[in-house]
Structure formats: structure tokens, C-alpha cells
There are 2 protein chains.
Amino acid sequence: MQIEQSSGVEGEDLVDTLVQTAFAVMAVLTRIAAGHDVSLTQLRVFGILRDRRLRMAELAEFLGLDRSTMTGLVDRAERRGLLERGRNADDGRAVDVYMTPAGSALAVKVDAEVRRALNPLTGRLDATQRRTLAPLLGGMLDQPND
Amino acid sequence: MQIEQSSGVEGEDLVDTLVQTAFAVMAVLTRIAAGHDVSLTQLRVFGILRDRRLRMAELAEFLGLDRSTMTGLVDRAERRGLLERGRNADDGRAVDVYMTPAGSALAVKVDAEVRRALNPLTGRLDATQRRTLAPLLGGMLDQPND
DNA sequence: TATTGTTATACTCTATAACTATA
DNA sequence: TATAGTTATAGAGTATAACAATA
């Protein structure tokens, strides 16, 4: 399996390559996120809340994290003015979370940087290869994993 | 970019798909690692030390982490009998790290689990697609990123 | 009674700065 | 003087258990 981003990719199988690709992509994301003093998890939060307003519990569900973990995560982002909490109209127990304009602006900037960073990676493929790769990866993701 | 593992992959571009794939793969790795009470970083250490004995500084370099971070990382793994420290023959300042038999055994077990978990993912592709995908991803990884 | 979110607590990962032992 | 590793410290991410407020 080789859980590292070593470069030599020749005879290994698809799983090896998948794992190496995943680590390479995560390294890029982590580096860009760190450049804006946000964590990978916060990046995911921004992606999820881009066009949604969710309750804490729903956000936790999306992220696969415990509800108690969300408190600190949202606390820190709120303290920096990137997220905000608000009341939920339907349920007095629930707390909604949503992006602030500053948070959205940061998300857009990070998105652009990620594209700029990853494009040279995907750019090593020619147009035909790119058109081939996307649906192949997409096909793998189509169904949720066990 | 959509930094989340939502399922709908239709019109997005290759970068989106790549990021989603990376998150999906990392989720699998994290879950399996957690099942054995090891972190993703420790999994990477096992991958790197599989067939090598490295100095602390070299291991840090491979992982892209600070040397001070390695101390705790190796401490915890050593305390659990998965790694060991030893003297370096050439340099009295250096400390070598290497897998114990127990560590290697765990690495083999985790490796098998990862393959079992990821194969259904790759298994959704037919043989031709699999033969196409591997070299495409490999081509992207061939050169180190900026 | 059950659910939502928070708090208290504990552990891991991570970095920076200061220290020691060796080169 | 420079390098290797560790320690001290601080902050983020994560989970479990206990709790208050609401349903």
C-alpha cells in the first residue's frame, strides 16, 4: 500500500496509486489552508456551508465528527469572524451555523488557490486523458462506501 | 471545489473530483487506522519505515514535519511496542528509528484492510477502466509539486 | 423521556523556542 | 560554530461523559 507520497509509480496497483494521490492532494490542501491560518477541517466546513445554513448536529453529521467537537471548531471560526451562529426558527434547542461575508470571501480565495495549485498536477495529462480520468474517479465515488 | 465528500459527481471538473476522491480515501484510511488506535500520521510512519531504518531527522523530512514533532510521535509508538529507537553507527548525535516485529505485523494487517476497503471502490470500474486509471493518476504524481 | 448543544476533561498532533550533546 | 534530538510550552482537533434547556 505504501502510505507515503514517494514518487516512483510503476508496477504498483491502483490502490497504491489512489492512496498516494490522496496524500498528494491533501498535502496541497493542508498547505494552502495553513497559509490562511485555517485547518483542513475548517476548509471542509466552508465547503459545506458555502450555500447552506445548517444546525450544529447536521454539520457534525456531514463531517463525521462528534457534536461536542463542533463547539470548539465553530467557536474558533466565529471568533475570527468567518462563521456565525444564529437561532433556529423551528427548534429552540438547535443552533444554526452559516458563513459570514468574510468567511465566504476567504472560501472563494482558497478555492482559487487550490485550483491554481492542482491544475499543474492535472495539467500533466492531455485533454483526452483528463476527459477520461474525471468520469473514472467519479464512477468510484458514485456510491457511498460501506 | 466543494471540499466535502458529497456524492453527486456530474458536471464538476477534474479538480473537484480529485479533491472529493482524496477525502473519500482519507476517510477510509482514518477509519481503519482508528480501529487499531493509530493515527493517520503513524500509518504513514509505518509505510515509510516498512523496509527502512531512518534517523529522526530523515523521518521528519519524509513526513514534512518538524523534528520536535517526531519525538512525541515516536515516543507514543515506542511505548506501544510498534517502533524502536537505536543508536546510529556513524553519528553519535543521530537516533535511528525502525519497526518492531509487532509494528510490522500491525502494518501488514492495516495494509490488507485498506485494500479490502478500497477494492470495492476501485471494483466499480471494469478491468479496462482500472488499467486506464492507474497510469493517469501515476502520471500526475510523477513529478513533485511546486 | 429524548434530543440539542455545551462544558469539562483527556489525549494526540503540530510548531516555536530554548537546551544538550555531539560533530 | 553547526547539527541532532529533546524538552517546555501552547494551540488545534478529537472523543467521552455529564449537564442544562427544550421538545
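Lettering follows sequence order; numbering is per chain, from 1. Quick note: numbers below take in every heavy atom, side chains included, and nothing from hydrogens, waters or symmetry partners.
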Exercise for review: Tell me, with the steps shown, if B:L118 and A:V19 meet side-chain contact (heavy atoms from CB on, under 4.5 Å).
Suggested key: CA-CA 9 Å; B:L118 250 32; A:V19 170; 3.9 Å; yes
Point to revise | Atom pair distance, as rounded to whole Å: CG in B:N88 and P in D:dG5 | key: 8 Å
Practice item. Would you state whether a donor and an acceptor, one from the side chain of A:R67 and one from the base of C:dT4, lie under 3.5 Å apart? Key: no
**Study point:** Heavy-atom side-chain contact between A:L63 and A:M70 under 4.5 Å
**Key:** yes
Practice item. Ignoring backbone atoms, test whether A:R85 places a side-chain nitrogen or oxygen under 4.0 Å from the OP1 or OP2 oxygen of C:dT6. Key: yes
Practice item. For B:M26 and C:dC13, give me the distance from atom CE to atom P, rounded to whole Å. Key: 14 Å
Review point. Taking the nucleotide of DNA chain D with the closest heavy atom to each, which residue, A:R93 or A:G64, is nearer the 5' end?
Key: A:G64
Review point. Just wondering, do A:Q42 and A:R76 contact through their side chains at under 4.5 Å, heavy atoms?
Key: yes
Revision key, fill the gap. d(B:T21 OG1, A:L136 CG) to nearest 0.5 Å is 10.5 Å
**Study point:** Protein-nucleotide distance (B:L54, atom CG; D:dG5, atom C1'), rounded to Å
**Key:** 15 Å
Revision key, fill the gap. Which of D:dT6, C:dT3, C:dG5 is nearest the side chain of A:M56? It is C:dG5
Study note, to complete from the structure: Out of D:dA12, C:dG5, D:dA4, minimum distance to the side chain of B:R55 belongs to D:dA4
Point to revise | Nucleotide C:dA15, atom P - distance to CD of B:E61 in whole Å | key: 13 Å
Practice item. Could you tell me whether the side chain of A:S68 has a donor or acceptor atom within less than 3.5 Å of a complementary atom in the base of D:dT16? Key: yes
Exercise for review: Give a yes or no on whether the backbone of B:F23 and the side-chain of A:R44 come within a donor-acceptor separation of less than 3.5 Å.
Suggested key: no
**Study point:** Rounded distance [0.5 Å steps], CG in A:D111 versus CZ in A:R116
**Key:** 10.5 Å
Exercise for review: Mind checking A:D91 for me? I need base, sugar-phosphate or nothing, with any heavy atom below 4.0 Å counting as a touch.
Suggested key: sugar-phosphate
Practice item. Figure out the CG/P separation between A:L63 and C:dG5, and round it to whole Å. Key: 13 Å
Exercise for review: Kindly state which residues belonging to residues 70-79 of chain B come within less than 4.0 angstrom of DNA chain C, counting heavy atoms of the residue only, listed by number.
Suggested key: B:L73, B:R76
Exercise for review: Output the single nucleotide from C:dA15, C:dG5, C:dT4 whose closest atom is nearest the side chain of B:T69.
Suggested key: C:dA15
Check your understanding: D:dA23 C1' sits how many Å from A:D90 CG, rounded?
Key -> 13 Å
Point to revise | Spacing of A:D66 atom CG relative to C:dT12 atom C1', expressed in whole Å | key: 16 Å
Review point. Whole-Å distance between D:dG13 P and A:L43 CG?
Key: 11 Å
Practice item. Drop me the distance from A:I32's CD1 to A:E113's CD, to the nearest 0.5 angstrom. Key: 5.5 Å
Practice item. Give a yes or no on whether a donor-acceptor pair under 3.5 Å exists between the nucleobase atoms of C:dT12, that is its base, and the side chain of B:T41. Key: no
